[in-house]
Colleague: 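I'd like to ask you about the structure that follows.
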There are 2 protein chains.
Amino acid sequence: MKQIIQSVKGARDFYPEDKARHNWLYERVRNVSTRFGYEEWDGPFLEKLELYAAKSGDELAREQAFVFPDRSGEMIMLRTELTPSLARMVAQRQGQLVMPLRWWSYGPFWRYEKPQQGRSREFFQWNIDLVGVNSPEGDAEMIAIAVEFLKSVDLSPSEVLIRVNDRQYMEVHLKSLDIAEDGKLSVFKLIDRYDKMKVEDWDANALELGLSRKQLDGLKTLLADMDGWHRSENLTRIFENLEALGVRDYVVFDPLIVRGIDYYTGMVFECFDVSRKFRSVLGGGHYDNLVADVGGDPLPGVGFAMGDMVIAVVLQDWGKLPVFADTRADVLVTLFDADNAAIAMGLAANMRRQGLRVAVYPQVDKLGKQFKYADRLGARFVTVIGPDEASEGQVTLKDLTAGTQLTIPLDAVAEQISHQLVDEKSS
Amino acid sequence: MKQIIQSVKGARDFYPEDKARHNWLYERVRNVSTRFGYEEWDGPFLEKLELYAAKSGDELAREQAFVFPDRSGEMIMLRTELTPSLARMVAQRQGQLVMPLRWWSYGPFWRYEKPQQGRSREFFQWNIDLVGVNSPEGDAEMIAIAVEFLKSVDLSPSEVLIRVNDRQYMEVHLKSLDIAEDGKLSVFKLIDRYDKMKVEDWDANALELGLSRKQLDGLKTLLADMDGWHRSENLTRIFENLEALGVRDYVVFDPLIVRGIDYYTGMVFECFDVSRKFRSVLGGGHYDNLVADVGGDPLPGVGFAMGDMVIAVVLQDWGKLPVFADTRADVLVTLFDADNAAIAMGLAANMRRQGLRVAVYPQVDKLGKQFKYADRLGARFVTVIGPDEASEGQVTLKDLTAGTQLTIPLDAVAEQISHQLVDEKSS
């Protein structure tokens, strides 16, 4: 076999079955976003490095960027996340946009990471934000959107859970342990690693950070207190709202969820498979100030992001990822002979005008070969117009599924097929 | 005003109204592609420079690429066109794919060009290909797809025309003028500039290329012969097929269309606004060999590409570009007071389950302010649940368009709104 030039490592080819899966996911994202009254938007795929330097929710994201000089010499990058673009675009029109703003987006992102299961260098991400709001109702709405998405892909609370916490609840308790304000973020980052390390290593880390034995014990008590959220008014009201929204069963309080990012200032959440075999499916939280770093006026909000890779792995693992069969056409129009090809083409045009998906076999060929093609592309119906049919303005219509055939007038074919397809959908 | 960090020059922000326009165009592209039995696919957005070096339809495209080293040191680039990826992906699965292949795609591309009307550095492009076919029926199908798209965006033959030629027809006549095989491509490139230069400059160019005065005269006779296609069997049959497909009125023969690219070997076509004020809306043609350069076995096909920028300018110019009003939600659910917020949230959840697009005002606030918000976001209906309504399990439903209001049971609201929306669509 000849050597084919390889694709870029971590970039993805979307053959039709891959694109169908992509569209299936996108359609579900669109559906839930739209039902909550969110508008679709998108940023550019290229941004200035300067924007990310001013505003990046996630330092790691910036470090993993594909950065290169524009031909003018300015450093630009492929976007690694959407928040900096959101901040820039909101700031640019801060006076004109109708607040609160409900925006969602689904587009490509790039990170230079080691490709592995659930991770590629080129990936898609759903981003959704409610901007200009500072309320437990808003926070609950964002979690409810995540839950409604999970429902729409048929994942139940026995398969995936959303783990919620509140940075302010944590900060109050860190303070009561006399953990200094400037050590807060390091402690959050430490908490973020709690599940990923051996107890003794984690303890050692904590002590290295300067925590006393007493502070360490206090911290571990905090992290083990699964009822602590009752002491947070914000979390209490969020859970009440989740109850009202009918999504409470997907959500648990988890003091280990802190998200090691400066950006979040209130409620934070992540969705995990219950087996905890995979990285988080989605994550987000409440922020106090979306736009100040890029030059706008302070603006709070809440949002989350979901990549397309981990969700696919989780769906696959639970047997919930549909198989996308090839059904690219309803009808194949065969070309029997050159004399009658024009009639067949006209029939195809007529059926398309009536909304059918019609492929024409693009040259005169053996009928057997054309039928085999119909079969392989999943076309249910095949039309044949030979000299006999043509002389009488008729067409032979074969139903490959039923194994039947009829000879009917040319102008009756589209209706015949549509009826049969509709009948079957409704039966 | 504070200084907001700027976006990258030639990159585009998609605010919701821009994204709505993008989706409107994408939906039309999808609809026509699907009706012809084509499957959606996509390549990665990053490819190796090596692939483009082996296989690029358009040299200029490669020169205009954003190229940069991967962290491994390998040169990669943002795709400037789709053909190299198509060739690679088809070659990789050449034994498995069901031929003929009907594939379409709509995605982002990047070229470092001077941004101007109808041109940006980051743009979207529709690509559609029928691969594994060498027939006038296939060629005609591709032109018919372009025409059906033009129809679907309401452009008529008095506004846009598809100009068709055939490289083989041209080559036969160049040969009869004794123009050497190796000078062919330069002559095609010269023909490509015929419309863009003064006659005397063009003539001078032709003579510089080594054409004799007699060859030049012969060439000009060829370029003026608008009936020449009758002498090409391929073009004759293509026009017959276009007639059968009901799209002949959008298509004219034009010997000036040659497309200055090596890649095309048979029929070539471009679509222009009749005023000729703008660059071509779309262009494509027949090729003999998609995959050989990347290591596959010879494979013919036909395809075209359409960027999203020129078509938008042309539509705008003819007054055919819709205005996308903000109608992000059908209903705004207001929050009257904290006590009854949970009931309102439950109502919202219920209406969403029934397929309505429902925004909740995300905190208790003055009703006037909430109504004003409903108005600004284009919501037709508003619900209010105050203490009176709550105590009786009722809700006040206001219709902002009709200026009416009713007080009805909570569980009757979704149906009431759906009925009203459906009634109006059908009236």
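Numbered from 1 within each chain, the chains take letters A, B, ... in sequence-line order. Excluded from the calculations below are hydrogen atoms, water molecules and symmetry mates; all remaining heavy atoms, backbone and side chain alike, are included. Predicted model only: the values in this text are computed from it and were never measured.
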Colleague: For the interface with chain B, which of A:Lys9, A:His22, A:Gln6 has the highest count of heavy-atom pairs at distances below 4.5 Å?
Modeller: A:Gln6
Colleague: At a 4.5 Å cut-off on heavy atoms, which part of A:Glu122 comes close to chain B: side chain, backbone, both, or neither?
Modeller: side chain
Colleague: Look at B:Leu332, B:Asp42, B:Asn31 and state which one has the largest set of heavy-atom pairs under 4.5 Å with chain A.
Modeller: B:Asp42
Colleague: Out of A:Asn241, A:Asn23, A:Val331, A:Ile343, which one racks up the most heavy-atom pairs below 4.5 Å with chain B?
Modeller: A:Asn23
Colleague: Mind checking the CG-OG spacing from B:Asp365 to A:Ser135? Nearest 0.5 Å is all I need.
Modeller: 10.5 Å
Colleague: For A:Ile5, check side chain to side chain contact (heavy atoms under 4.5 Å, CB included) against everything at least two apart and list the hits.
Modeller: B:Glu50, B:Leu51, B:Ala54
Colleague: Measure B:Met351 against the heavy atoms of chain A and call it side chain, backbone, both or neither at under 4.5 Å.
Modeller: neither
Colleague: If you look at every heavy atom in A:Ala329 and B:Gly37, which pair is closest and at what distance?
Modeller: CB-CA, 4.2 Å
Colleague: Could you tell me which non-hydrogen atom of B:Leu46 sits nearest to which non-hydrogen atom of A:Leu78, and how far apart they are?
Modeller: CD2-CD1, 4.0 Å
Colleague: Under 4.5 Å from any heavy atom of chain A, what part of B:Ile76 do you find: side chain, backbone, both or neither?
Modeller: side chain
Colleague: Output the option from B:Lys151, B:Met99, B:Arg237, B:Glu148 having the highest count of non-hydrogen pairs under 4.5 Å with chain A.
Modeller: B:Met99
Colleague: Between CZ of A:Arg328 and CH2 of B:Trp104, what distance do you get to the nearest 0.5 Å?
Modeller: 14.5 Å
Colleague: According to side-chain hydrogen bond (donor to acceptor under 3.5 Å, both in side chains), does anything in residues 345-360 of chain A pair up with another residue at least two apart or in another chain? List the pairs.
Modeller: A:Asp330-A:Arg357, A:Asn350-A:Gln354
Colleague: Check B:Met345 against A:Ala244 and note the closest heavy-atom contact, atom names and distance.
Modeller: CB-CB, 3.9 Å
Colleague: With a 4.5 angstrom heavy-atom cut-off, which part of A:Leu130 approaches chain B: side chain, backbone, both or neither?
Modeller: side chain
Colleague: Please classify the contact of B:Leu347 with chain A as side chain, backbone, both or neither, using a heavy-atom distance under 4.5 Å.
Modeller: neither
Colleague: I'd like to check A:Phe45 versus B:Trp110 (side-chain heavy atoms, cut-off strictly below 4.5 Å). Are they in contact?
Modeller: yes
Colleague: So which of A:Val67, A:Val364, A:Val133, A:Val32 has the largest heavy-atom pair count under 4.5 angstrom toward chain B?
Modeller: A:Val133
Colleague: Please classify the contact of B:Arg102 with chain A as side chain, backbone, both or neither, using a heavy-atom distance under 4.5 Å.
Modeller: both
Colleague: For the candidates B:Asp18, B:Val247, B:Thr34, which exhibits the highest count of non-hydrogen atom pairs separated by less than 4.5 Å from chain A?
Modeller: B:Thr34
Colleague: Which pair of heavy atoms, one from B:Tyr361 and one from A:Pro100, lies closest together, and at what distance?
Modeller: CE1-CD, 4.4 Å
Colleague: Can you list the steps and then say if A:Asp70 with B:Tyr112 is a side-chain contact (heavy atoms from CB on, under 4.5 Å)?
Modeller: CA-CA 9 Å; A:Asp70 199 350; B:Tyr112 194 85; 2.8 Å; yes
Colleague: Is there side-chain contact between B:Ser105 and A:Phe14, with at least one heavy-atom pair below 4.5 Å?
Modeller: no
Colleague: Give the minimum heavy-atom separation between B:Lys48 and A:Ser7, together with the two atoms involved.
Modeller: CE-O, 3.6 Å
Colleague: If you count heavy-atom pairs under 4.5 Å between each of A:Gln363, A:Met89, A:Glu47 and chain B, which one has the most?
Modeller: A:Met89
Colleague: What are the two closest heavy atoms between A:Leu245 and B:Ala349, and how far apart are they?
Modeller: O-CB, 3.6 Å
Colleague: Rounded to the nearest 0.5 Å, what separation is found between the NZ atom of A:Lys19 and the CD atom of B:Glu39?
Modeller: 13.0 Å
Colleague: Please identify, among B:Arg71, B:Arg121, B:Glu137, B:Arg88, the residue contributing the most non-hydrogen atom pairs under 4.5 Å to chain A.
Modeller: B:Arg71
Colleague: Less than 4.5 Å to any heavy atom of chain B: does that hold for the side chain of A:Ser72, its backbone, both, or neither?
Modeller: both
Colleague: Would you mind checking which part of B:Tyr15 comes under 4.5 Å of any heavy atom in chain A, side chain (CB onward), backbone (N, CA, C, O), both or neither?
Modeller: both
Colleague: Between A:Pro44, A:Ala144, A:Gly346, A:Pro108, which residue shows the highest count of heavy-atom pairs closer than 4.5 Å to chain B?
Modeller: A:Pro44
Colleague: Is it true that A:Glu17 and B:Arg93 have a side-chain N and a carboxylate O under 4.0 angstrom from each other?
Modeller: yes
